[in-house]
2 protein chains.
Amino acid sequence: MTYQHAITALADPTRRVIIDRLRDGPLAVGAIANGMEISRPAVSQHLRVLSDAGLLTVTPSGNRRLYAIAPEGVDDLRKYLDSLWDDALSAFARAAHEKAKGQ
Amino acid sequence: MTYQHAITALADPTRRVIIDRLRDGPLAVGAIANGMEISRPAVSQHLRVLSDAGLLTVTPSGNRRLYAIAPEGVDDLRKYLDSLWDDALSAFARAAHEKAKGQ
DNA sequence: ACGAATCGTAAGTAATGACTTACCGTAAGT
DNA sequence: ACTTACGGTAAGTCATTACTTACGATTCGT
């Protein structure tokens, strides 16, 4: 259901960089934006898109906000691609079979 | 390597519709465009994007061109999401562990 | 209590991309 | 050969979106 938003969110290269920075664990906004070429508000906007897509979770911690990858959101997208892969393989095998038969 | 283009290509809803139409097997451009709301040239442009992303293969058949899902391209994207999922789970477990220890 | 730090939001701008119509090339049918 | 069908490409338009600066709200340190 929500995988459409997830794939749209991951389509942006900057957002994939952000996701990659969170692979090792949660980070605050400043830590994510630090070293990136774009401004911190831009990072905030990307974080919002990723959160809305279900790919990130936010846990306020005092003054800061820790963002972390939400495994469930990633899994939704995985499932979509798995079903697509299954169908692609089936269609591929069937086409090969048809071709062999028609030959 | 090419999964970036693949995810960008799949981010568009219209292109996902096209992909869905090809789940059962190869189709010609006219057959894909038939019943869709957009014009046939627009479909051609989408097919080009999907092909360049490695998600589709083209096999000219006489007058027409048959497009089919390329399992390999889908698999590249799957691998990216699998690695992302693994890291997300690890980070999640570690964060839970830290929390339990800190408690 | 006051200044500094952290972060989200608003408004405006620039760039990206999806779509249309028009056109051209190639293959099939008669 | 001539017409019809099929499909890719070009040019132009419109909407989306990613970015900036400016600002406001909340929390920490002293």
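Note on naming: letters A, B, ... go to the chains in the order of the sequence lines (proteins, then strands), and numbering restarts at 1 for each one. In what follows, every heavy atom counts, from backbone to side chain, and hydrogens, waters and symmetry copies are set aside.
Figure legend. C:dG17 is base-paired to D:dC14; pairs are counted as Watson-Crick or G-U wobble with both atom distances under 3.5 Å.
Salt-bridge annotation for A:Asp20 and A:Arg16: absent, with no side-chain N of the basic residue lying under 4.0 Å from a carboxylate O of the acidic one. A salt bridge links B:Asp75 to B:Arg78: one of the charged nitrogens lies within less than 4.0 Å of a carboxylate oxygen.
Considering only side-chain N and O atoms, A:Thr14 lies under 4.0 angstrom from the phosphate OP1 or OP2 of D:dC19.
Note: CD1 (A:Ile38) to C1' (C:dA14) measures 15 Å, nearest angstrom. Going from atom NE2 of B:His46 over to atom C1' of C:dC19 covers 8 Å, rounded to whole Å. For the pair B:Asp52 CG and C:dA18 P, the interatomic distance rounds to 13 Å; values are reported in whole Å. The nearest whole Å value for the distance from the CG atom in A:Asp12 to the P atom in C:dT16 is 12 Å. Whole-Å rounding puts the A:Met36 CE to D:dT20 C1' distance at 15 Å.
Note on B:Leu47: it clusters hydrophobically with B:Met36, by side-chain heavy-atom contacts below 4.5 Å among ILVMFWY residues.
Tested against A:His46 for a side chain to side chain contact (heavy atoms under 4.5 Å, CB included), the candidates A:Val17, A:Leu56, A:Ile32, A:Ile18 yield a single pass: A:Ile18.
For B:Arg48, the CZ atom is loosely surrounded, since the number of other residues' heavy atoms within 6.0 Å does not exceed 12. The number of heavy atoms from other shown groups lying within 6.0 Å of OH (A:Tyr80) is above 12.
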With B for base contact, S for sugar-phosphate-only contact and - for none (protein heavy atoms under 4.0 Å), nucleotides 1-13 of chain C reads ----BSBBBBB--
